[in-house]
Every structure is written in C-alpha cells, then in structure tokens.
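Because the structure is a prediction, the values reported are computed rather than measured.
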Amino acid sequence: MQNTFNVTTSSIYPPGVRFVSDGLQVSAVCENRTDCGILLFDKKHKNGIKIPFPEEGRKGKVHSMLLKDYDDRRCSYLFYQGEELFQDPYAQALVYERKYGEKKDAPARCKVPAQTYDWENDKALTIPFEESIFYLLHIRGFTKHRSSGVHAKGTYAGLVEKIPYLKELGITAVLLMPSYEFDEVFPQNKTPGQELSSAFPGVISEEKELTTRVNYWGYQEGLYFLPKYTYAASKDAVSEFKDMVKALHQNGIEIMMQFYFPPHISQVKILEILKHWVLDYHVDGFQLMGVSLPMQMLCEEPLFAETKLLGDFNQSLWAAGQTGREEKRPGYRNYGVMNDAFLYDMRKLLKGDADMTGRLISLCKENAPDRGIVNYIAKQDGFRLADLVSYDNKHNEANGEFNQDGNDCNYSWNCGIEGRTRKKNILNLRTKQMKNALTLVLLSQGTPLLYGGDEFANSQEGNNNPYCQDNPVCWIKWNLSKQGEELFSYTKALIDFRKKHPVLHGRTPLRCMDYLFCGYPDISFHGRDAWRPETGSNSRSLGILYCCRYGAASESDEDDFLYIGINMYWESYAFGLPQVPKEKEWVRLFTTDEQNTEEKEETEPYNVLVPPRTIVIYGTRDIQVKKDIGIPGFVSDENKQRKRNQNKRIES
C-alpha cells in the first residue's frame with residue numbers, strides 16, 4: 001500500500017514531521033536499522049498505513065524521507081519500529097481526546113500544526129531581575145478548586161481569568177510548574193515514582209479517588225515541544241497556551257516555565273527545546289531542573305540574551321560567579337540562581353534559632369552584578385507558608401508511603417499547637433509569623449518569589465510532599481478566611497512598598513559604605529544602640545538602616561531613610577534608632593504585630609520597643625511642628641544618659 005506514496009530521500013535535519021514545499025518531510029531516531037517508519041492516518045487511511053523509511057535515508061540512527069507532493073494537512077501520525085508504536089519527541093501538536101487522569105489505551109497521535117497564530121505585535125517584556133516579583137503556580141491547581149470563581153477551572157484559560165488578581169497583587173512574572181506535555185497516568189505495573197528522579201518523586205492521585213495514580217507535579221521526561229493538553233479548556237492547547245502568554249504580556253506580566261531534564265537528554269536537544277518555546281510561544285524565561293545542565297552554553301546563546309534562565313548555585317560555577325575571575329556582563333542579566341540557602345536560614349531565623357543574625361546580615365543584602373538571585377521561603381517541595389507556622393512535623397500519611405516520603409528537615413514551628421486550632425492567640429501568632437516571613441522575602445535584595453496561595457495562607461494540611469494529591473490538598477482554596485484577607489492586604493502593601501523604594505531592589509550589591517559622602521552608608525546594621533549590631537550566637541534581633549539616596553528614583557527620595565527592626569526573640573527588644581537630619585523624624589510605616597503596637601516614648605525619640613517575634617518598618621518625614629523639648633532629630637545629654645541607663649537595665 002505504501003506504493004501509493006511517492007517516497008524519496010530527504011534532509012536528516014530538522015527532526016520531526018513537517019510540511020515543506022515538496023510534500024511531507026519525516027525524520028526520526030530509530031534503534032532498528034530496518035522495519036521502522038511512520039504510521040500515517042488521513043482521510044484515505046483512517047486506520048493508519050505504515051510507510052517504512054528507505055534504507056538510503058538512514059544516517060546512523062537517524063532515518064528520514066520525503067512523501068513527495070503529499071498535502072493532507074489534517075493528517076496525524078505515530079512512529080513505529082517493529083510492533084512498537086511511539087510518539088514523535090519533536091511533535092508540536094497532538095490529537096487529544098481523553099480527560100486529565102484517564103487511562104490511555106494507545107499513545108495520542110501526533111499532528112503537524114497547520115494554522116498560523118496572530119500574536120498581535122506581542123513581544124518580550126524584558127523586566128530586569130531587580131524589578132521583578134515572581135509567582136510560582138501549578139496551572140491545574142491554581143484554579144481547579146470550586147472556590148476559584150473562574151469558568152475554565154484548572155486550565156490555561158483559567159489563569160487568564162485570574163490576571164486581574166495577579167495585577168492587583170503586584171506580580172510581574174508567573175513561573176509555571178511543568179506545563180509541557182507529559183503522561184500524568186502511570187501504568188498499573190509501575191511502582192509510583194519509579195520513572196522519576198529521586199529529587200522529584202512526583203506521582204499523585206486524581207481528585208477524590210485514590211485508585212488511579214497520576215503525576216500531578218510533572219517533573220519527568222515528556223514531549224518537550226508542546227504544552228500539556230489536559231491543562232487546556234479546549235482541544236487546541238497550542239492556541240490556548242499562546243492566548244495565555246499574549247494576555248499576560250498585555251497586562252505587563254512575564255511568563256516563565258519549569259523544565260525537568262533527566263541526564264540522557266542531550267545538551268543540543270535542551271537548546272533546541274528552549275529556542276522553540278522562545279520563538280514559537282514567546283516565553284520569557286525558564287527554570288531548569290536536573291543534573292549536568294548546560295547553563296553556560298545557554299547563557300551565551302545570543303537568542304537568550306533577554307531570556308531569564310534560572311538554575312541552582314551548583315549547576316554552573318561560571319554562571320554562579322565562582323570561577324575566581326570577575327565576569328563583566330553589561331546590559332540585561334539573563335542568568336539567575338534559585339537561593340535555597342535563603343529558604344533554610346530564614347526559616348531558622350523565623351522560629352528563633354540561635355546564631356542566625358550574621359546570616360540575616362549576609363542574606364538580606366546579597367546581590368550580584370552578573371546574575372539575579374531569587375529568594376523565597378516556600379516553594380512546591382516542602383511546607384507551604386501556612387503549614388510552616390502550623391506544623392512541627394510533616395503529615396504525608398495520605399500519600400500512601402507511611403509518612404516516610406518528603407523532607408524531614410523543614411525548620412518549622414507550629415506556634416504551640418500542631419495543626420488546626422481555634423485558639424485566637426495561636427492564630428494571631430501564626431499570622432504574625434507569616435507576615436514576618438513575607439517581609440524577610442520581599443524586603444531583601446534580589447528577586448522575591450511567592451508560592452501561589454501563600455499570600456492568603458493557603459494550606460496543604462501539613463503535607464510537605466504532595467506528590468499523590470490531585471485534590472483540594474494541592475488545589476488553591478480561594479475562599480479566604482479573615483486571616484487570609486489580612487495576610488493578602490499586607491502582602492499587597494509590602495510589594496507596593498518595595499517597588500516604590502529602589503534602594504530595596506538595586507541591581508548592584510550594597511556596600512555598607514558612604515561612597516556618596518552624604519554622611520550615611522547605603523546600608524548599615526544596628527542593635528540596642530545605633531550603629532552597634534549584636535551578632536553573637538544568642539542574638540535574634542537586628543536593625544537595618546537604608547539611606548534612600550543610594551537608590552533615589554527622584555529628588556523626593558534623596559533624603560529619605562528606611563529602618564527595619566527585626567526581633568525574632570520571644571521577648572520585647574529595645575532598638576536604638578539612628579539619628580536622622582534635624583528636619584526629619586521617624587514614623588512607623590508597617591508592623592507585623594497589629595495586636596500589640598509598642599510606641600516609642602516621646603522622651604526617648606531614638607528608642608523603640610519592638611514586641612516579641614515582630615518586624616517593624618520605619619520611614620522618615622519632614623517635621624511639621626517642632627517642640628521645645630524632645631525635638632526629633634536632637635537628643636539632649638540628659639536623654640542620652642537616660643537611654644544608657646535603660647539599656648543597662650535591659651542587658652541585666
């Protein structure tokens with residue numbers, strides 16, 4: 001039957017199946033030297049027809065041919081070798097009929113995209129790392145819950161419906177957990193997690209029934225050249241994904257994607273995959289997961305000069321700036337590192353561990369001129385923010401592995417009671433601790449990353465490895481509690497505050513020096529006495545002063561100061577605020593403890609008592625009315641002596 005086709009030799013590359021001017025070009029890698037080819041489905045061959053590769057079209061393991069003058073644009077196909085059928089790893093579209101979590105009887109047939117897409121002059125936003133707020137989410141889990149209020153739940157279109165929410169919050173880029181095509185249903189004869197890297201044991205169960213195990217996370221090999229079809233509301237996942245990208249860009253939001261590559265995926269193929277998503281889907285960046293990833297090659301690729309590439313510190317010594325030589329990389333920084341050290345150390349600080357003040361000093365100002373540094377305190381693996389302050393131990397029993405899966409080192413604290421509670425004092429403490437965590441993330445140098453739903457206390461009920469939970473455990477619950485509404489308002493205000501103060505998100509590292517000769521360094525650290533931080537092993541408190549002149553976006557910023565008082569101790573702590581110019585006075589802008597707001601005494605204008613486990617943020621304003629006694633900006637000898645006596649009492 002194959003004689004009805006005019007089969008000739010063709011170019012080996014590019015791999016895959018595509019229409020060219022002379023017909024249908026086919027190229028595939030096959031282990032068999034013979035008995036391999038394409039199984040073609042079209043209007044004349046609805047049950048498929050096998051067309052073998054000609055021997056003269058083989059180079060090594062690559063086979064190719066041209067079906068000359070073939071022009072059925074609605075055709076679909078699979079490859080075969082012997083009795084085995086397999087999908088084209090370079091496929092760019094599928095014929096998809098099944099729903100999420102349904103078992104498949106045969107692999108979905110591939111097809112050639114026949115239509116063009118109108119991007120309407122869409123282009124990359126190229127938002128710098130220092131001006132970005134990242135938001136990590138799972139396409140299905142973000143809107144699947146009935147409380148999401150969207151029409152197309154659990155889909156790319158559902159995310160589009162949530163764009164107004166993302167804009168209100170202040171997000172500049174969404175980072176998608178794996179959204180390339182992968183088979184979420186594991187064969188019954190496979191052990192859950194068998195096909196996955198030990199770093200990503202992501203196999204999960206579907207909705208309310210635990211009989212079918214599916215891979216909810218998706219950290220596995222897949223069809224890397226097309227979006228996941230069961231995340232689409234329509235049968236055209238390609239167009240729906242592009243509609244999502246275009247809508248996000250129109251609203252000033254970038255889109256980035258996570259990709260997991262097992263070791264056998266070649267560096268050349270990784271480069272091809274990422275180029276495809278930049279050129280065909282206008283994706284703004286990628287977080288690459290796996291081992292031996294070619295980060296240096298990717299960073300030097302001219303096409304990615306304005307594409308964000310996120311890796312780990314250990315993925316490329318060159319890109320992480322650890323080669324011993326200074327890298328000069330002017331212009332847009334396209335490389336960034338995921339800072340797990342921030343997550344673990346700030347969690348320790350948050351729960352009151354000793355000897356963390358020095359790490360706080362280092363991490364809050366960590367920055368680099370040649371790369372972005374992404375800070376977070378929660379992400380997909382490990383506790384969510386709400387669970388970080390509600391559970392001492394993981395509770396993964398529902399995963400079916402006797403609570404032996406997941407990380408045992410969460411550095412969490414339940415604030416006094418394990419899990420859910422109605423006790424008001426515990427709930428207030430948890431809310432304060434979540435505000436503290438968000439403040440540490442959003443006011444540190446580098447790029448902050450929020451895990452979707454953490455901004456309103458979404459919980460996974462203590463499950464720190466929800467690899468088998470395609471149900472409300474992982475889905476974001478949008479029916480906000482009073483606690484959630486308070487936390488959302490605080491997060492939104494804090495993001496806006498960060499954006500308005502460039503000194504909090506500069507491109508270059510802060511030096512702790514007065515290099516503008518204005519009388520103040522760009523950043524300085526303080527304790528009970530101004531200019532004298534306490535960094536001993538027992539210290540859990542630190543004051544941070546920013547001189548806004550170093551990041552001034554306008555003349556009005558030049559004389560402003562910001563002071564962040566961080567007290568993670570279980571007792572109140574008296575901070576000594578630095579003196580500011582006499583025409584200025586300190587005013588409190590934020591506090592993470594709305595229940596207990598200590599005010600500084602008028603006789604002690606440069607002393608402020610911060611409640612236990614609380615962060616306060618002060619700014620300066622022009623003095624409107626001066627008093628004869630206790631003028632802000634002036635400390636008399638009498639007041640100085642009173643302050644010294646008070647500090648002695650505190651120390652004793």
What I'd like to find out is whether the side chain of [X] reaches to under 4.5 Å of the side chain of [Y], using heavy atoms alone.
X	Y	result
Leu360	Leu440	yes
Tyr550	Leu510	no
Met356	Arg540	no
Cys548	Leu562	yes
Lys499	Ile133	yes
Met177	Tyr219	yes
Tyr391	Gln460	no
Lys348	Arg359	no

Closest non-hydrogen atom pair, [X] against [Y]:
X	Y	result
Asn407	Cys409	OD1-N, 2.8 Å
Ser444	Phe342	OG-CE1, 3.5 Å
Tyr573	Arg528	OH-N, 3.0 Å
Ser412	Phe383	OG-CE1, 3.5 Å
Leu443	Ile617	CD1-CD1, 3.4 Å
Ile127	Tyr332	O-OH, 3.2 Å

Test item: [X] side-chain N/O and [Y] main-chain N/O as donor-acceptor pair under 3.5 Å:
X	Y	result
Arg347	Leu388	no
Gln433	Leu350	yes
Ser539	Glu534	yes
Glu254	Thr172	no
Asn339	Asn375	no
Gln469	Trp475	no
His138	Gly141	yes
Lys432	Pro612	yes
Asp514	Cys518	yes
His145	Trp478	no

Tyr490 and Thr592: CA distance, side-chain angles, deciding distance, side chain to side chain donor-acceptor pair (under 3.5 Å) verdict: CA-CA 9 Å; Tyr490 182 82; Thr592 60; 5.7 Å; no
Chi angles and distances behind the salt bridge (charged side-chain N to carboxylate O under 4.0 Å, His left out) call for Asp454, Arg384: CA-CA 7 Å; Asp454 279 355; Arg384 274 190 170 274; 3.0 Å; yes
Step-by-step side chain to side chain contact (heavy atoms under 4.5 Å, CB included) determination, Tyr618 to Leu589: CA-CA 5 Å; Tyr618 281 85; Leu589 305 176; 5.8 Å; no
For Tyr520, all residues meeting ring pair (Phe, Tyr, Trp, His ring centres under 6.0 Å), sequence neighbours excluded: Phe561
With rounding to the nearest 0.5 Å, note down the distance linking [atom1] in [X] to [atom2] in [Y].
X	Y	atom1	atom2	result
Phe286	Leu176	CZ	CG	11.0 Å
Lys435	Thr591	NZ	OG1	8.0 Å
Met338	Leu175	CE	CG	6.5 Å
Asn251	Leu125	CG	CG	10.0 Å
Asp387	His395	CG	NE2	9.0 Å
Lys351	Asn436	NZ	CG	15.0 Å

Single hit among Asp408, Asn463, Asn464, Asn410 for side chain to side chain donor-acceptor pair (under 3.5 Å) with Lys394: Asp408
Step-by-step side chain to side chain contact (heavy atoms under 4.5 Å, CB included) determination, Gln287 to Phe134: CA-CA 12 Å; Gln287 181 188 353; Phe134 292 169; over 6 Å; no
Residues forming a side-chain contact (heavy atoms from CB on, under 4.5 Å) with Gln404, sequence neighbours excluded: Phe402
Arg430/Thr421 under side chain to side chain contact (heavy atoms under 4.5 Å, CB included): CA gap, chis, key distance, verdict: CA-CA 11 Å; Arg430 289 176 178 176; Thr421 182; 3.7 Å; yes
All pairs passing ring pair (Phe, Tyr, Trp, His ring centres under 6.0 Å) where residues 419-443 contributes a residue, at least two apart: none
Listed once per pair and sorted, the ring pair (Phe, Tyr, Trp, His ring centres under 6.0 Å) pairs that draw on residues 344-371, sequence neighbours left out: Tyr344-Tyr411
Worked check of salt bridge (charged side-chain N to carboxylate O under 4.0 Å, His left out) between Lys492 and Glu455: CA-CA 8 Å; Lys492 175 183 170 183; Glu455 70 276 13; over 6 Å; no
Any residue meeting side-chain hydrogen bond (donor to acceptor under 3.5 Å, both in side chains) with Thr491, in chain and number order, not counting sequence neighbours: none
Parallel, tilted or perpendicular, as decided by the 30° and 60° cut-offs, for the rings of His526 and Tyr563: tilted
Lys162: partners by salt bridge (charged side-chain N to carboxylate O under 4.0 Å, His left out), with sequence neighbours left out: none
From CA spacing to verdict: side chain to side chain contact (heavy atoms under 4.5 Å, CB included), Glu585, Arg621: CA-CA 6 Å; Glu585 65 179 349; Arg621 66 182 176 189; 2.8 Å; yes
